[in-house]
Novice: 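Shown below is the structure under consideration.
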Amino acid sequence: MELDQMDVNEWKYHGEGNKSLVVSHLQRSQVFRFLKYPASDTENLCKTARNAFIHVQKIVDFSKNVMKPLLGENYVHHGVVVQLPLEFVQSVCLKVQQERPESRCDKMMDTFSGYALCLPNLTKLPAFHFSEKQSSLCIEIKPKCGFLPFSRHVSRETKYRVCRFCMHQHLKLANGKWHRMSRYCPLDLFSGSKQRMSFALKNLLQEPQNNLKIFKNGTLIYGCKDEKDSLQDLNTLIHHLKPYFYPANGLISGSHGTRTVLNELIHVITVALLNATDSRRKYIPEGRTYCEASTLHREILRKGISGLPKDCVLSKILQAQTLDNLDIEGLYPLYRRVQQHLEEFPEERTRLQIDGPYDKSFLEKLENVQPEDDGTVEYAVQKVHQYRVAMTAKDCSIMIAFSPCAEDELPDSHLVIPSSKSRFTYSVSILDLDPKPYENIPHQYKLDGKIVNYFLKKTLGKQ
Ligand code: ATP
Ligand code: ZN
Ligand code: MG
Ligand code: MG
């Protein structure tokens with residue numbers, strides 16, 4: 001790629017989150033991920049080109065040196081920082097503006113620094129097992145937190161029984177963020193039980209919110225851009241899916257056909273999520289493994305504690321999430337300890353690696369935290385680091401890309417999902433692995449209280 005000869009016509013809007021906007025190349029499997037700023041911040045932007053570079057480089061370092069060793073080499077693509085001509089970046093910004101969902105337009109793309117993160121387009125299969133003529137399908141899942149807190153610092157009993165996602169739904173509905181309740185519960189997805197996982201995936205398909213997206217050949221065909229602009233027609237989705245699962249004919253029809261196609265899709269996703277080199281070794285987190293808000297039948301919930309194969313993608317994410325083992329309620333006093341120390345000794349910020357560097361020693365400290373609090377600032381900082389890594393793992397997305405494949409061209413037996421009618425090659429990756437800011441911890445503490453209080457207020461009358 002010649003960075004000084006970029007052509008805006010070869011790039012299109014791909015998607016965005018709260019922190020970044022992504023454009024993809026029309027042919028190559030490549031995306032640029034640009035930072036976003038609050039629209040009111042424009043005055044400062046010109047001065048921050050250097051800061052933008054440092055920021056994007058930190059994202060790369062954190063993904064590469066911290067999240068990759070924790071989550072697995074195969075799943076994480078850390079990418080590289082690129083410096084693009086400002087003229088190109090500005091034309092991209094103009095081009096994508098009309099595609100952006102309204103609710104995201106309170107922030108604007110960084111067109112001042114020229115820096116972006118260059119990543120492979122994970123909605124497509126890597127070239128080595130992807131022949132050009134085949135079309136690919138990709139499911140993106142943002143699974144959120146998959147365990148109930150087990151820390152003794154938790155002050156409200158409800159938090160041991162109802163998961164954060166399910167509680168948060170009530171507040172999100174009240175705030176108008178979404179108009180319909182999602183029945184997805186992360187504990188079902190992370191259970192390892194096929195029945196509970198299917199239930200979770202069905203609920204994601206029914207009401208994707210920002211937890212599920214489906215791409216066909218790199219283009220979004222299902223999911224929410226925002227609450228006003230959603231692509232959520234299941235019939236249209238099924239129309240897109242049929243050729244993948246029933247390539248030969250359109251024999252199946254009506255509600256039976258609909259269910260069959262969705263079940264096949266769910267089967268493929270489940271196999272990909274549970275795929276492991278050794279499926280005998282299981283991971284089950286501490287604490288209760290089902291959530292009282294899940295609408296699945298109680299008996300199934302209780303029985304469905306099968307655990308996850310230790311090195312499958314869900315297990316890797318869950319293990320990183322459970323680094324938050326004190327809960328925000330146990331962590332917040334430690335954050336205050338660090339904060340007080342820094343107020344007294346601001347120069348300590350560097351030694352304690354509060355803002356990085358995210359290197360090997362950062363990871364080592366994180367992995368060797370002493371079991372008991374000895375009252376030191378070192379202990380507190382390490383717990384804060386662990387918490388921040390867990391936050392990243394609670395916010396990441398899983399990408400499952402797959403493509404039909406003939407029996408005689410199977411690239412690797414591990415990559416085949418033997419669904420009843422079709423064979424697929426697939427790849428699984430994890431994205432959105434930015435470090436979460438240290439400064440966000442007080443906000444997280446307040447938000448936690450707000451979510452629990454609102455949930456209790458809403459549901460108390462009904463119990
Ligand atoms: P969040 O609000 O979830 O924190 P974010 O602003 O950090 O989001 P990302 O999640 O990294 O941004 O990117 C936004 C969207 O762009 C993703 O949900 C995904 O659909 C798409 N995307 C990001 N990186 C890639 C990639 N490498 N390949 C394909 N699509 C990508
Ligand atoms: Zn739940
Ligand atoms: Mg994201
Ligand atoms: Mg993010």
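Whatever order the structure lists ligands and atoms in, that order sets their numbers, starting from 1. Every heavy atom of this structure was used, including side-chain atoms; hydrogens, water molecules and symmetry mates were not.
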Novice: If we set the cut-off at 4.0 Å for heavy atoms, which region of Val22 has an atom near ligand 1: side chain, backbone, both, or neither?
Specialist: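 Side chain only.
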Novice: Pick one of side chain, backbone, both or neither for how Ser24 approaches ligand 1, counting any non-hydrogen atom pair under 4.0 Å.
Specialist: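 Looking at Ser24 and ligand 1, no heavy atom falls under 4.0 Å.
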Novice: Among protein heavy atoms, which sits nearest to atom 15 (C) of ligand 1, and what does the distance come to when rounded to 0.1 Å?
Specialist: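 For atom 15 (C) of ligand 1, the nearest protein heavy atom comes out as Lys213 NZ, 4.0 Å.
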Novice: Give a yes or no on whether the ring-centroid distance for Tyr335 and Tyr438 is below 6.0 angstrom.
Specialist: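 Centroid separation for Tyr335 and Tyr438: below 6.0 Å.
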Novice: Between Phe215 and ligand 1, which residue portion shows a heavy-atom distance shorter than 4.0 Å: side chain, backbone, both, or neither?
Specialist: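 For Phe215, only side-chain atoms sit under 4.0 Å from ligand 1.
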Novice: Taking the ring of His170 and the ring of Phe455, is the distance between their centroids below 6.0 Å?
Specialist: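 Here the rings of His170 and Phe455 have centres that are less than 6.0 Å from each other.
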Novice: Of the side chain and backbone of Asn18, name the one, both, or neither that has a heavy atom under 4.0 Å from an atom of ligand 1.
Specialist: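 Both backbone and side chain.
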Novice: Of all the non-hydrogen atoms in the protein, which one sits nearest to atom 12 (O) of ligand 1, and at what distance?
Specialist: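 Of every protein heavy atom, Ser20 OG, 2.9 Å lies nearest to atom 12 (O) of ligand 1.
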Novice: I need the nearest protein heavy-atom contact for atom 3 (O) of ligand 1: residue, atom name and distance, please.
Specialist: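 Going by distance alone, atom 3 (O) of ligand 1 is nearest to Lys142 NZ, 2.6 Å.
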Novice: Using a distance threshold of 2.8 Å, state whether an N, O or S atom of Asp432 lies below it from the Mg ion (ligand 3).
Specialist: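 Yes, Asp432 qualifies, because one of its backbone or side-chain N, O or S atoms lies under 2.8 Å.
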Novice: So, Asp434 and Arg33, do they make that salt bridge, N to O below 4.0 Å?
Specialist: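 Between Arg33 and Asp434 there is a salt bridge, with a charged N closer than 4.0 Å to a carboxylate O.
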Novice: Mind checking whether Lys36 contacts ligand 1 via backbone (N, CA, C, O), side chain (CB onward), both or neither, at a 4.0 Å heavy-atom cut-off?
Specialist: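 Neither part.
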Novice: So, do Phe190 and Phe147 have ring centers that fall under 6.0 Å from each other?
Specialist: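 Centroid separation for Phe190 and Phe147: 6.0 Å or greater.
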Novice: Given that the side chain starts at C-beta and the backbone is N, CA, C, O, which of these parts of Leu122 lies under 4.0 Å from ligand 1, counting heavy atoms, or is it both or neither?
Specialist: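 Both backbone and side chain.
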Novice: Does Phe402 have its ring centroid less than 6.0 Å away from the ring centroid of Phe424?
Specialist: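 Ring centroids of Phe402 and Phe424 are less than 6.0 Å from each other.
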